[in-house]
Every structure is written in C-alpha cells, then in structure tokens.
Amino acid sequence: MRRVMIKGLLAHKLRLALTAVSVVLGVGFVAGTFVLTDTLAHTFDSLFAEVNGNTDAQIRSTKELSPVNPADANRGPIPDSLLAAVQKVDGVAEAGGYLGGPATIVGKNGKLLGGQAPNFGASASNLGTLSPFKIKEGRAPKGETEVVIDAGTAKREHFALGDEIRIESSLTGSYTLVGTVGFGKQDNLAGAKFALWDVPTTQQVLHRRGEFDTISVRAKEGVSQAEIVDRLRQVLPAGVEAITSDAATAQQADDVKKSLSFFSTFLLAFAAVSLFVGSFIIYNTFTIIVAQRLRELALLRALGASRKQVTRSVLAEGLIVGFFASLVGVGFGVLVAIGLKALFSAVGADLPSTSMVIKPRTVIVPILVGVVITTLSSWGPARKASKVPPVAAIRGAEGIPEGRSLRRRLISGGLVLGVGLLALAGGLFGGGGIGLIGIGALFFYGGVAMLSPLAAGPLARLIGSPGARLGTPGRLGQLNAMRNPRRTSSTAAALMIGLGLVSFVTILAASLKTSFAATLDRSVKADYIVQGPNGGQGKFSRQVALQMSQRQELSIVSAMRFNGEFKLEGETKHEDAVDPYTFGAIMDIDVRKGKLVDFLPGAVLVSDKVAADKGYQLGQRIKMVFPRTGEQLMEIVATYHDDALFSNGYIITLDDFGENAGDDLDSLVLVKRAKGVTDATARAAVAPILQQFPAAELQSQEDFKKQVASQIDGLLLFVVILLLLAVFIALIGIVNTLALSIFERTRELGLLRAVGMGRRQMKRMIRWESVIITILGAVLGLAVGAFFGWAAVSAMGDIGVDRLSFPALRLVLFVVLSGAAGVIAAIFPARRAAKLDVLDAIAHV
Amino acid sequence: MSLDITAADVNHAARAVKVSKIYGEGDAAVRALDSVTVGFPSGRFTAIMGPSGSGKSTLMHCLAGLDVVTSGNVYLGQTDLSSLDDKALTQLRRDQVGFIFQAYNLLPTLTALENITLPLDLAGRKPDQAWLDQVIDTVGLRPRLTHRPTELSGGQQQRVAVARALATRPQIVFADEPTGNLDSRSGAEILTFLEKSVDELGQTIVMVTHDPTAAGYADAAVFLADGHIVDEMEGPTAERVLDRLKTLEA
C-alpha cells in the first residue's frame, strides 16, 4: 500500500506542485510573522540593555500612567530635589536625573522634521557615563541657549556646529548647536530625532520645572545592583521607588513585547486567512485527484485493500505534501519577513534591523499548522475515495451510486451558516470579542461555500451568457463552468474568501469616511482646523491659539487638548479639555441636560452614555484623581449626547487640564473667521504665526475631512495588500483546478480538435471558463463582504459609525479585476490544452 | 480504387503517394507505413483492413491530417496536406472531413443536435437546413435531438456521431472502428446508415475495421500488413474477407 502511494505521489508531481505552493505561501506567512516579531523583540531587548547598560539602578515614580499616545510618559514625575539626597548615599559612584518630552526640530527649510520615529527633547545628563548617549562632535550644552542633537539628524539636515536651530516644544525657541551625540556606535537611536539641553533648560522647554522622569545611579565597585537599591530605598519618599537596572531592562522589554504580540496577532490573522484559502485549494485538488484515480482506487479495492487502507493512503499523501510544503514554507518565511519589513517601511514605520532571529517555535509551529491543515483538508476526499466500490474498476464512473442528495447539502450548509451567524452576532453585539467574530466569520464562509453549488449553476450561466453569445468557444466555456457546480463553486470559493474580506474592508472604510464626514458636518462649525504633525497625532505649542486669538480677522479661536489621564474609583480613565468660553460657539455636541454656560474650572461635562452607566445626576460632584493636582471634586454641569468626537466621555476646562498635563501643548484648535473676512485675508493673517510654529498645520474643514479620508484609505490599502496574498493563493488554486480538469478532459479536447476547433478557439474556451469562475468568486465575495460590512456598521453605531456606504465604483472594479485575473489564470492551462497532440488526446483513456 | 495512381487522377477524394511513417529512431524505429501508395475514389465506401499492427489506423490518421507523414505525400482532393500548417489543417478537418471514432465521439455538455452542428458552429457557419434534415432523418434521430449523450444508448450515440460527420457535407468521412463498441444489431444499423449516405447522399467513406462483417457493407476493401498494402478486393463479402484475413495472419 505504501509503495503504491509513494509511486502515485511521484507520478503526479506536477498535480501536487501547485497545491504545495499554496501551502508554502500560507505557512510562509506564519513563519515570516514569527521571524519578524522575534527579531524585533530581540532588537528591543538588546536596545534596552544598551540603554540601561551603564547604570545599576533606576529611581522613578510608583505612579503608572496609561497614556493613549505611546510617545507620552507612562510614569508620573519625581521631584528633582531628590538628586542631592541620592548622590550622598553610600555606595553611589554617580547619579544623574533625566527628563524627556515631545519636541520637534525644525529643518533648515522651516519645515518640521517629522516622521514616524519619536521626536523628543531631553536632558543631556551624564553623557557618556550614565547615559548611553555619547558626544560625537563638539561638547555638552550649557545654559539656555545651547543644544546638542543626534548625529544622524545633523548629518541628514546638514547642521554644523554653531548653527542656530529652532526647536518646537511646550516652549519654542532657537538654540545654538554646540555638539552632536550618538547612541553607542550608531548615529541615533532607531531613527529617533532628539535634541538635548542641560537640565534646567530642558525643564523649562518642556514646561516641567522641578521634575525629573528618572534618576539613574551607578554603584561603586563591589556594590551589587540589589545592594545599592536597598540603600537607595532608605532615602526615597513615598511614591518613589528604586529598582535594579536589570529589572528595569526586563520590564521595558516586556512592555514592548506586549505591543509586539498585538502586532504579531494582527499579522497572524492575515496568515490564518491565507491558510484558510489554502485549505480550499487542497480540498479541491485532492477531490479531483481522487476522481481521476477512480479506476486505480477501485482496482485496489477489488484486489483486497480495505476501506481504511484506501482512506489512509490518501490522507498520507496529504500529510506528506503538507510536510514537505511546510518545510519549504518555513524557508520562504524568512523572505516574507523581509518583505513585511519593507512594507512597513513604505508606510513610514521604520523597524530597526538586525540579523533574523529564528527560534524553534518558528520552525515547529508553522510546520505543524501546515501539516494539520493539509491533512484535514484531504480528509473529505480521502473518505470519498474509500467509498469507491470495487466494481468501478470495470465500469468506471457508472459504477458509483449517486452522492449525497441536495437536501442533505442544504441542511448541513444551512446549519453551518446558522452557527456562523450566531457567533457573529454574539461577537459583534453581545460583546463576545474579536475571537468570536473570527470564528463566526469562519463558519459563515464555510456555510456559504457549502451552499454555493446550489447557486453556481445558474450564476455561471448568467455570467457566461455574454461569452456564449459571442461564439461556440464561449458557449462551450460556459457549459464547462456549469457542468459540475460543486467543482466550480469550490474553486470559486477560495477567491470568495479573499475578495469577501477585501470588499468588506473597503465598504467599512467607505462607511467610516462617510460617518466621519457626517459627524464633522453636524458638530463642527469651524472654518479652519489646526492640528499637530503626523496627521494630528502630534501636538503643538499653546502659543498658536493664544496668538491667533489676538487677530481681529478671526472671530473664534477655540483650543482643545485630548486624552489626559485620571483615576475614578480606582479605574484609569481619560478626559478631554476644551475652552469653556469659545467651545459652545464653534461646536455642537448636543447638550441635552444642563447648560454650557455653567461650564467653568471645577466643572466637568459627561456624555449621556457615561451618565447612564454610572448613574450620574446633574449637579453631582464626582471625585477625579489627577496625576499632579490629586483628588478633585468636579461638578457635573451638563451632559452631552453626541460623543462621536469626545468618546472619552469626560470633558474638563483647559485650565484644569493644563495643571495636570506633562506638557504645555494643544492637540487641536478650531478657528472661525470674523464676519466679512475672506479666506485669503484670514490665511494671510495667520501665516506668520504658523511660520513661527511649524508643528501647527491649518486646514479648512473640507480639507481636514479629505485628510482624514486619505488616512483611512492609507490604512485600507495596507490591509488590502496583506489580503492580496490570500487572493493570490486563490488564483493559484484556480490555475490548479483548471489544469487538472483539462487533464481530465483530454479525450474530449482531442475530439474538439479533431472536428475542427482551432488552437485559438480552444484557448478562448478555457479562458471563458476561467473568467466565469473568477467572476463567480468575486460576486459571491462581494455579497459576503457587503453582509459583513452591514453587520459591522450596525454594531459600531454607538461609536459614531452610523452610515453604511457602498463605494460602487471600487466594488465594480474588483469584479472587473477578478475577470482580468481569470484571463491570466487561464494562460497556462489554455496553453496546455492547445498544445495537446490530437491523436494522443483521442487515444487517452 | 487502384493501386497505381498518378497526380492526374482527379476522381480520388483522398490519395497517399509513397507514404511512409516511422516512429522512434535508430534501433527502436518502427515502420508503421512503408512507402504506401493508394487512392480512394469519391462516392465510394472503402474499408481498410488488416491485423492489429498492420498500420491501418496510422494510414487513416495520415490521410485525415491528424498525423504527419515521415515521407511521401497525402492529398485530400487536390490539396497536398504537407503544405498546410496547423491552422489550415484544423480548418480542413472542420470543413472538409468528417470523423467517426470508436467511442467518446460526443461532448457530454451538448445536446444531440448541438453535437451534430458542432463543426458548423466552430466554423461560424449556418447549416444547410435541408441537408441537415435529410441527414437527421437518414439516421433516424429526429425524436432524440434535445437529449444529452448520457440519455442516449451506445447505438444512438454513434448515430449522432454519423450525423455530425455528415453535417458539413464533407469531401470525405473517416470512420475508425465505428461499430467496435456496439452490439451486432446497433452495429448493423450504423453500417446501413453509412452505406445509405454513400448510395443516397453521394458521400465518400473510408472505414478502418478488423470486422469482416463490417467490411461486407463496403464497396471495396484494401488489405494492409506490416505497413504495406498487400491486396485489394472489389465487392467484398464477409466470407471472402475472412478468408483473406486468415491468410494474412498466417
């Protein structure tokens, strides 16, 4: 039995090659994800080790923060007065305070040096000793007019020592460049751009007088890390702690690993989609192979092989293909990792590069996954193979009794679909989470795939009718697509998965854009919106709003700050802040209870949702614990209903916010022109302010909408590219199935050539068949994607996504592109068919 | 039919002149046809006979343009097949030649009628309705036109094949063991139709067969052995053909 199987495998290498390719691709994606994230984790491990390498202990606040923006500090401040006490501790060789915050260097052309890597300003404390930064050129800064920057930026922007550099931060100013620093041997730290001042200047610029973020300590020779930490603890007040540098490094690395695991889960989801598609291909291929080897299998049964032996031999074939393909896939995974890195760079997220890290699990898990999926997918065909009656050896296909009835298929397919719908509903509306949604989607697809043969025949006829009208090859192609609805639909199903997801995210993105535009139109009545760099993620100086409000050309200038942090009943929450005097005139958040006129320092606005959740009443005072000002009793003076833009649920005044903020920067400013002032005049009026503070970008509300739309499109493109792998695998599956079915129909094709079908006509016939299949997959995919889109938007209604939008043009484009892909997929099979030697084909058994 | 023909003989629907067909090379070379010269006159039903391995199928394939000769010339009507490329050969098969194979003649996805008109559809030509009706009635398929091959018996399928072969009103029809898969009654039916199409419809038919009974329906028979033509017979009967075959195999 084994020999028969192995010989069978070798004889049909080409047949299985294409199947193997789909496994290689899917497994490669999994392996590539592992390689990428492991390499990144290792990079950060060594990074943090180097950062903390010169120190033995770190002193920091015990207060942990959860900033929304990862660039913000995640611990509270410590008083700088501690440094003196620390330096006096026995065993301390050196101690220095460190402080850092958002700051952006302005390039020689007056534009901000932005980018995805962090831009920060910090204190140039203990360069070359405690600090991992070393002076490369020049010297350390002294006084409030001097600065050093990272050597990489200096080189890139052609800054020379002695140049005046403008740096924007909570305080914006110009400084003389007196030196450049590098990190270890490199010119910068993972692409970050930073500026360093001496400690007092740093505290001033960052609006953090009297504060440090951390104090680093180096112990004298012979004093261990643990010992020095013990001694330091003696002099530290409550709320401040000391930990060993080893522990600090481990913690920092852990934090990064947490976000990496989110990242790898994200990528693995796409890998899972590819593997899911791959399983369809494998199922298809083995079904066809079993059908082709009908006589052979029947002969084996007639000669005495048991059903189990036949099942096992087909399963074993699947296992072997899966194993070898997975092996290749792991190797391919390294290539995938390189490709993913390039993709991320293209989006602007430069990842640091080191040599690839390949752990055991990178090899074992993908192989396991590949083998399991291949074997599972071949299980169905294997069972069918065992059901071949021995008499089929003589009588061929007529010897097999008709398969399962239509009703059984309807029932089982409907069941699977039902389970999928339930799971989806549970995940979307019942708070079941992403996992349940994923399972629901899987079952839903499975159900649709099982039911699709019922629609495949009529759909294929419909799609093929233009071709049929054009001539006999088109008609024959149409008939071929219709003749085996099960085969046609399972081939198309693979494409349906990829296109379903692509159309889903496209519809989702369109809905997001439309909803956002509607929200903006509804709530914001500004002429201009000023936001920070990086598409609004960054912040900019408060001076911008202050100076703008002096201009007569502008009637309203309303600043906002987002995502401050506070604790409520022990839980960490976030709040936003607005200017109470101008807010109501320029934004409408549908205040239902209370009055905005009562909104002053000491007051808070809560959303209706939060109020209902917590049972708040108007006039009630709630205890908000802020990082710096501590416990405050804030009075609820009004509730608002439209929380699309202020989804945190709590709004306080700018003054209250500012006292607790770690910087002096605004997130957003809304501006309205005065009556009678033209757009040109207003823009001219603010131009000098914007020039002074390049971090601030001004746009009309329309342009702002367009910018957000293009940001959403950018994300959409990224996701679609990741999904393209699944689409590509599906197309390979179509090529595979076509090639196999041509092999099956060799005799018939020979007959056609004998009675006078030309080579071109034959190619056209195959092409039509392929196009029908791909368009069928696209249509089904679009239907599924539209359903998913509708479900998602229905579930997201309460976070402000309330408009379902179908980008008709794009969706039609997908269908057209699928047809084009069908033409391409047919190239190889059509050529094979046309090359058939007529005589050989006719004589083919 | 004659074994000595010249280029001037215009009555022949198909001619082979010094045709050889060799498979393989060197020591493994097989001479399937060895300098065969034969002509098949129009309007006649000719059988090509011989034991297995005699080269009869090969000769038919070469005459029909399905295979390329190693040396010599093949003419269909006045056309020298060696001067045609694949496209032209395909067109020739479509418009001038009819084929009936032993089995698997029909496309399972098409109805009987669609199978019959297939060569015409491929050519984009509209059928001569009167001719088509005559052909369909000759083979007696009128009640079965909308049926698919799976709904037809073996004999009915072969009748469809015959109708298709005649539908384009070809210069010549080649039949390769057309009754090989049929029971004797259906076989007799088919052979009668073939005879009728020659006598009543003026077609030319060349049939390869090993069955003496089938040969009895033909106007003439040619005998091959080891790639050579060894004999010819005018007005063959089953008994005479059987006797001749026996001596060939001896």
Side-chain angles (χ1 to χ4, degrees), chain A residues 395-398 400 402 457 460-461 464 467-485 487-488 741 744-765 768-769 772 833-845, chain B residues 21 23 32 57-58 60-62 64-68 85-111 114-125 148-150 154 157 160-161 163-168 170 173-174 176-177:
Chain A
R395 279 210 251 132
E398 301 95 63
I400 298 188
E402 246 312 297
R461 181 184 303 143
R469 226 164 297 174
L470 283 177
T472 309
R475 167 120 176 90
L476 289 175
Q478 178 199 42
L479 287 170
N480 284 332
M482 286 166 57
R483 80 206 271 177
N484 190 342
R487 171 98 52 95
T488 303
S741 70
E744 262 183 330
R745 286 185 257 148
T746 303
R747 218 215 162 84
E748 202 177 296
L749 295 173
L751 178 73
L752 278 167
R753 290 277 285 138
V755 297
M757 179 179 249
R759 288 215 166 108
R760 274 244 208 100
Q761 286 179 312
M762 178 149 288
K763 283 193 194 168
R764 215 180 305 153
M765 176 180 83
W768 271 114
E769 195 181 335
I772 291 174
K835 267 211 223 141
L836 283 176
D837 180 81
V838 183
L839 268 185
D840 284 341
I842 300 175
H844 197 261
V845 172
Chain B
K21 177 73 185 172
Y23 293 108
S57 286
T58 310
M60 192 199 85
H61 292 155
C62 291
L66 287 172
D67 205 352
V68 171
D85 64 1
D86 177 83
K87 201 161 164 214
L89 273 175
T90 306
Q91 263 186 311
L92 187 97
R93 288 200 300 272
R94 190 183 69 195
D95 301 331
Q96 317 276 25
V97 178
F99 283 103
I100 306 168
F101 300 108
Q102 184 170 348
Y104 300 110
N105 272 294
L106 310 179
L107 285 177
T109 51
L110 301 177
T111 63
E114 286 168 336
N115 267 292
I116 292 172
T117 58
L118 182 59
L120 293 162
D121 292 332
L122 286 172
R125 272 166 44 195
R148 290 233 155 75
T150 47
Q157 286 180 29
V160 174
R164 182 191 66 216
L166 297 172
T168 56
V173 173
F174 290 104
D176 191 352
E177 309 271 11

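These values consider heavy atoms only, across backbone and side chains, with no hydrogens, waters or symmetry-generated copies.
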### Query
Heavy-atom distance under 4.5 Å to chain B: side chain of A:Val838, backbone, both or neither?
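Just its side chain gets close to chain B.
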### Message
Around atom CZ of A:Arg760, are there more than 12 heavy atoms from other residues, nucleotides or ligands closer than 6.0 Å?
### Response
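Open.
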### Query
What closest approach, in Å, do A:Ala754 and B:Phe99 show between heavy atoms, and which atom pair accounts for it?
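Smallest interatomic distance, heavy atoms only, reads O-CE1, 3.2 Å.
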Which region of [X], side chain (C-beta onward) or backbone (N, CA, C, O), has a non-hydrogen atom less than 4.5 Å from a non-hydrogen atom of chain A, or is it both or neither?
X        : result
B:Tyr104 : both
B:Gln102 : neither
B:Asp95  : neither
B:Leu106 : backbone
B:Leu118 : side chain
B:Ala103 : backbone

### Query
Hey, does the side chain of B:Thr109 reach the backbone of A:Asn480 with a donor-acceptor pair shorter than 3.5 angstrom?
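Pair absent, no side-chain N/O of B:Thr109 close to backbone of A:Asn480.
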Sub-4.5 Å side-chain heavy-atom contact between [X] and [Y]:
X        : Y        : value
B:Asp86  : A:Arg759 : yes
B:Leu122 : A:Gln761 : yes
A:Leu479 : B:Leu107 : no

### Heavy-atom pairs under 4.5 Å with chain B, option from A:Glu748, A:Arg475, A:Arg753 with the top count
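Of A:Glu748, A:Arg475, A:Arg753, A:Arg753 has the most heavy-atom pairs under 4.5 Å with chain B.
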### Task
Could you have a look at B:Gly124, B:Gly65, B:Pro119, B:Pro108 and say which one has the most heavy-atom pairs with chain A under 4.5 angstrom?
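Option with the greatest count: B:Pro108.
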### Task
Start with the C-alpha gap between B:Arg93 and A:Val755, add the side-chain angles, then the distance that decides, and say whether side-chain contact (heavy atoms from CB on, under 4.5 Å) holds.
CA-CA 6 Å; B:Arg93 288 200 300 272; A:Val755 297; over 6 Å; no
### Task
I would like to know whether B:Leu110 and A:Leu476 meet side-chain contact (heavy atoms from CB on, under 4.5 Å); could you show each step before the answer?
CA-CA 8 Å; B:Leu110 301 177; A:Leu476 289 175; 3.9 Å; yes
